[in-house]
Amino acid sequence: MPELPEVETTRRGIAPHVEGREIVEVIVRQGRLRVPVPDDFVDRLVGSRIGPLARRAKYLLIPLRPAETDTPGGRREDAGAAGVEVPSSGTLLWHLGMSGSLRIARLGELPKKHDHIDLVFDDGGLLRYHDPRRFGFVDWLAGGVEQDPRLARLGPEPLSDPFDGERLYRLSRGRRMAVKPFLMDNEVVVGVGNIYAAEALFLAGIDPRRAAGRISLERYERLAAAVREVLAAAITQGGTTLRDFVSGTGEPGYFKQRLNVYGRHGQACRRCGGELRLVTLGQRASVFCIECQH
DNA sequence: ATTTGACCCTGCATGC
DNA sequence: TGCATGCAGGGTCAAA
């Protein structure tokens with residue numbers, strides 16, 4: 001489900017409902033995700049207050065600090081006596097995998113199948129994680145987020161300045177792999193998954209099977225512009241809902257209507273009318289127009 | 001060093 | 001109707 005636009009849509013949707021809230025209860029119904037939910041997850045979170053949400057690649061970052069302390073490193077007076085752990089500052093690293101979604105619900109709304117985790121807030125709202133395939137995960141980071149090995153090696157954000165055609169050109173020299181899996185490599189650029197890689201290559205007129213190392217700088221500049229264009233448009237549309245993606249407030253995304261190639265093999269190219277072809281690249285379905293993409 | 005394949009898991013569409 | 005098969009938005013790891 002979620003590529004960058006869907007994670008960004010989720011972040012924007014849930015932020016107004018979670019930022020500044022205190023977590024008063026955490027319910028883990030199914031902790032066996034791709035990374036198992038840590039044993040001390042509940043203890044660490046209860047009593048924390050949520051700071052401004054961020055996103056890095058397809059990761060949602062949720063900063064937490066102790067709700068009752070005003071000074072960094074301070075201690076709650078009665079904590080020791082009561083034997084209650086005082087939560088410490090940290091960040092939740094949340095990945096939605098293939099089928100995960102986060103949405104806002106109210107206390108009393110019954111969980112459905114595959115609603116694995118609830119964070120319950122002091123205002124009666126809650127953040128509910130749903131993930132049928134359980135390829136997603138949530139982890140708690142104590143230290144610097146950028147030092148985490150999962151984030152340390154990531155390439156630039158596609159909507160940031162360091163991502164451009166020159167970078168694609170430079171990193172692709174000598175690479176024989178097809179350009180589509182190259183574009184989906186998170187060390188090259190983050191957040192470009194199977195849907196938007198196919199769409200960007202169509203917009204740029206590049207055959208997804210072409211060797212990455214045999215594409216000119218000029219064409220990579222077109223590709224970088226196409227990546228930015230398609231991701232920005234998808235964010236504006238609230239992401240792409242293929243099956244069950246919903247924003248943080250339960251709305252589907254409307255970008256599906258704008259897809260030119262993804263999921264349309266056998267249908268007519270919107271530009272030339274030819275039949276769209278399906279090939280497999282890097283074990284991922286790849287649809288393209290043999291007339292419009294070279 | 002680069003690239004490929006298996007794997008994590010459930011649900012759905014398809015074909016027999 | 002049931003059953004087997006293949007495929008799905010992602011990422012990691014081992015092996016070639």
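In what follows, every heavy atom counts, from backbone to side chain, and hydrogens, waters and symmetry copies are set aside. In what follows, chains carry the letters A, B, and so on, assigned in the order in which the sequence lines appear, proteins first and then strands, with residues in each chain numbered from 1.
Phosphate contact (OP1/OP2 of B:dG11, side-chain N/O of A:H114, threshold under 4.0 Å): present. The phosphate of B:dC8 has neither OP1 nor OP2 within less than 4.0 Å of any side-chain N or O from A:R32. When the side-chain nitrogen and oxygen atoms of A:H95 are compared with OP1 and OP2 of C:dG11, one or more of them lie within a distance under 4.0 Å. An OP1 or OP2 oxygen of C:dA8 is reached within less than 4.0 angstrom by no side-chain nitrogen or oxygen of A:R133. Not one side-chain nitrogen or oxygen of A:R34 sits closer than 4.0 Å to the OP1 or OP2 atom of B:dC7.
A:K256 comes within 4.0 angstrom of nothing in the nucleic acid, heavy atoms only. If you check every strand for non-hydrogen atoms under 4.0 Å, A:D131 touches nothing. As judged by a 4.0 angstrom heavy-atom cut-off over every strand, A:Y59 is placed among residues touching the sugar-phosphate backbone only.
Taking the C1' atom of each, B:dT3 and C:dG9 are spaced 23 Å apart, rounded to whole Å.
Taking the six-membered ring for Trp and thresholds of 30 and 60 degrees, A:H130 and A:H114 have ring planes more than 60 degrees apart, a perpendicular arrangement.
A heavy atom lying under 4.0 Å from DNA chain B marks the following residues of residues 165-179 of chain A, by number: A:R175, A:R176, A:M177.
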Pairing annotation in dot-bracket form, given for DNA chain C with Watson-Crick or G-U pairs under 3.5 Å and | for cross-strand partners: .|||||||.|||||||
